[in-house]
Student: 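Please find one structure pasted underneath; my questions will follow.
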Amino acid sequence: MSAVVTIPRLYERLMAEYGPQGWWPLLGHAGTNPTKSGAVRGYHPGDYSFPRTDDERFEICVGAVLTQNTAWPNVERALASLASLNALTPDRMLDLDEGILRQAIRPSGYFNVKARKLRCLAEFCAGLGGRVPRRDELLAVWGIGPETADSILLYACKQPECVIDAYTRRVFAHLGIADPAASYDDLKALCERQLPRDVPVYQEFHGLLVEHAKRVYARKPYRDGVVRGNGG
DNA sequence: AACCAGGACGTGA
DNA sequence: TCACGTCATGGT
């Protein structure tokens, strides 16, 4: 079914409005983007050369797990804590005492399950030997679902996989682009069919949707059924 | 002071 | 398949 706003037009509009978002944020790039909503830093707008090292790739994978149903500032604390323990490599993370790991990631919430997830992730990454994982391999890892897998593929591995999240659903629903009840895979296929198959485009699209949703749909006026602002 | 955040898993129908 | 409970800290 045709929507009033197509996905490519939405992309162009958001890009014109907000500019490059520079996802995925990395520790070590604090202060690069003071214009973003919220106090979070670590983004690198316009620079698509990241990640540059195995450590940065693994940091993104860890962040993708830690941010599950969790606000990013909390994830940053956990990542910084892991970094101070020098635990942001698969081997070093596996060497960590389980209790230490749990305490380190505590600020990100769900620390018991996430500690287990991180161990599974680290074990998987250690066994990859630098190879780019397939999506089905990632999905087979305990703790990695569709969104986390696609985040890892798109941002850590630079594979052309669209990421769908709660914000994506909200924006699509309110613009009449898609039924919010549609399955993850259907929405993903829709995006990948309509956008040019380009990694930076997929990366920006996701970042832009989150930024837009945070500004426009995040609270009450939206929840009460009134779309605030001109966003539409 | 509720409400919710860049989900995934286990379970029961 | 699909709805629902669970996991938990910190910001607003």
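Bear in mind that the values here come from a model prediction, so they are computed numbers and not experimental data.
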Student: Could you tell me how far apart A:I152 (CD1) and B:dA8 (P) are, to the nearest whole angstrom?
Tutor: 10 Å
Student: Taking the side chain from A:T89 and the backbone from A:D55, do they hold a donor-acceptor pair closer than 3.5 Å?
Tutor: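 Judged by distance alone, no pair lies under 3.5 Å.
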Student: Rounded to the nearest angstrom, tell me the gap between atom CG in A:L79 and atom P in C:dT9.
Tutor: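 For the pair A:L79 CG and C:dT9 P, the rounded distance is 18 Å.
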Student: Using the rule that Ile, Leu, Val, Met, Phe, Trp and Tyr join whenever any side-chain heavy atoms are under 4.5 Å apart, tell me whether A:L138 and A:L128 fall into a single cluster.
Tutor: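 A:L138 and A:L128: one cluster.
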Student: Just to confirm, is there a sub-4.0 Å distance from OP1 or OP2 of B:dA8 to any side-chain nitrogen or oxygen of A:T148?
Tutor: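 The answer is yes; a side-chain N or O of A:T148 sits under 4.0 Å from OP1 or OP2.
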Student: Can you find a side-chain donor-acceptor pair between A:Q68 and A:K117 that sits under 3.5 Å?
Tutor: yes
Student: Send over the distance from A:K114 NZ to B:dA5 P, rounded to a whole Å.
Tutor: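 So the two atoms are 13 Å apart, to the nearest Å.
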Student: Can a side chain N or O of A:R170 be found less than 4.0 Å away from OP1 or OP2 on B:dA5?
Tutor: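 Checking A:R170 against B:dA5: at least one side-chain N or O falls below 4.0 Å of OP1 or OP2.
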Student: For a quick test of your reading: what N or O donor-acceptor pairs under 3.5 Å do the side chains of residues 79-88 of chain A make, sequence neighbours left out?
Tutor:
unit_1: A:S81; atom_1: OG; unit_2: A:A104; atom_2: O; d: 3.3
unit_1: A:S84; atom_1: OG; unit_2: A:S81; atom_2: O; d: 2.7

Student: Nucleotides 1-6 of chain C: which of its N/O atoms have a protein N/O under 3.5 Å away?
Tutor:
none

Student: Under 3.5 Å, side-chain donor or acceptor atoms of residues 190-199 of chain A against the rest of the protein: list the pairs with distances, not counting sequence neighbours.
Tutor:
unit_1: A:E192; atom_1: OE2; unit_2: A:C162; atom_2: N; d: 2.8
unit_1: A:E192; atom_1: OE2; unit_2: A:K188; atom_2: NZ; d: 2.8
unit_1: A:D198; atom_1: OD2; unit_2: A:V201; atom_2: N; d: 3.1

Student: For a quick check under 3.5 Å, do A:D47 and A:S49 share a side-chain donor-acceptor pair by atom type?
Tutor: yes
Student: Spell out, as yes or no, whether a donor-acceptor pair under 3.5 Å connects the side chain of A:R57 to the backbone of A:I152.
Tutor: no
Student: How would you list, by chain and number, every residue that makes a side-chain hydrogen bond (donor to acceptor under 3.5 Å, both in side chains) with A:D97, sequence neighbours excluded?
Tutor: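 side-chain hydrogen bond (donor to acceptor under 3.5 Å, both in side chains) check on A:D97 returns nothing, list empty.
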Student: Nearest 0.5 Å, what's the CD-OG1 distance between A:E147 and A:T67?
Tutor: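 Between A:E147 CD and A:T67 OG1, I get 8.0 Å after rounding to 0.5 Å.
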Student: Can you identify which nucleotide, out of C:dA8, B:dA8, B:dG6, has its nearest atom closest to the A:Y110 side chain?
Tutor: C:dA8
Student: Mind checking whether A:W23 and A:H206 have parallel, tilted or perpendicular rings, split at 30° and 60°?
Tutor: perpendicular
Student: Check if the side chain of A:N69 and the base of B:dG7 share a donor-acceptor pair of N or O atoms closer than 3.5 Å.
Tutor: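 By the distance-only test, yes, there is a pair.
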Student: May I have the distance from A:Q68 (atom CD) to C:dT9 (atom P), rounded to whole angstrom?
Tutor: 17 Å
Student: Can you check the A:Q21 CD to B:dG6 C1' distance for me, whole Å?
Tutor: 13 Å
Student: Between protein and nucleotides 9-13 of chain B, what N or O pairs are separated by less than 3.5 Å?
Tutor:
unit_1: B:dC9; atom_1: OP1; unit_2: A:G143; atom_2: N; d: 2.8
unit_1: B:dC9; atom_1: O3'; unit_2: A:W142; atom_2: NE1; d: 3.3
unit_1: B:dG10; atom_1: OP1; unit_2: A:W142; atom_2: NE1; d: 3.1

Student: Could you state the CG-P distance from A:N74 to C:dG11, rounded to the nearest angstrom?
Tutor: 6 Å
Student: Using modelled atom types only, decide if a donor and an acceptor are shared between the side chain of A:H212 and the backbone of A:Y167 within a distance under 3.5 Å.
Tutor: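 Here the side-chain-to-backbone pair does not exist.
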Student: For a quick check, tell me whether the side chain of A:Y43 and the base of B:dG6 share a donor-acceptor pair closer than 3.5 Å.
Tutor: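 Side chain to base: pair present.
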Student: Heavy atoms within less than 4.0 Å of DNA chain C: which residues of residues 99-108 of chain A have one? Give them sorted by number.
Tutor: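 Under 4.0 Å from DNA chain C: A:R106, A:P107.
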Student: Output yes when a side-chain donor or acceptor of A:Q159 lies under 3.5 Å from a complementary backbone atom of A:C157, and no otherwise.
Tutor: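 Yes, A:Q159 side chain to A:C157 backbone: donor-acceptor pair under 3.5 Å.
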Student: Starting from C1' on B:dG7, measure out to CG on A:D150 and report it in whole angstrom.
Tutor: 13 Å
Student: Rounding to an integer number of angstrom, what distance separates B:dC3 and C:dG5 when you compare their P atoms?
Tutor: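 Taking atom P in both B:dC3 and C:dG5, they lie 15 Å apart.
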Student: So is the aromatic ring of A:W72 stacked onto the base of B:dG6, judging by whether the centres are under 5.5 Å apart and the planes are under 30° apart?
Tutor: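 One would call A:W72 stacked on the B:dG6 base.
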Student: Between A:R77 and C:dG11, is there a contact of a side-chain N or O with OP1 or OP2 at under 4.0 Å?
Tutor: yes
Student: Using the P atom as the reference point in each nucleotide, state the distance between C:dC4 and B:dG6 in Å, no decimals.
Tutor: 24 Å
Student: Return the value, rounded to whole Å, for the distance between atom NZ of A:K214 and atom P of C:dG11.
Tutor: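 Going from NZ in A:K214 over to P in C:dG11 covers 14 Å.
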Student: How far does the P atom of C:dG10 sit from the matching atom of B:dA8, given to the nearest Å?
Tutor: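 Approximately 22 Å lies between the P atom of C:dG10 and that of B:dA8.
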Student: Please determine, for the side chain of A:F111, which listed nucleotide (B:dA5, C:dT9, B:dG7) has the closest atom?
Tutor: C:dT9
Student: Using only heavy-atom distances, determine whether the side chains of A:Y18 and A:E204 contain a donor-acceptor pair under 3.5 Å.
Tutor: no
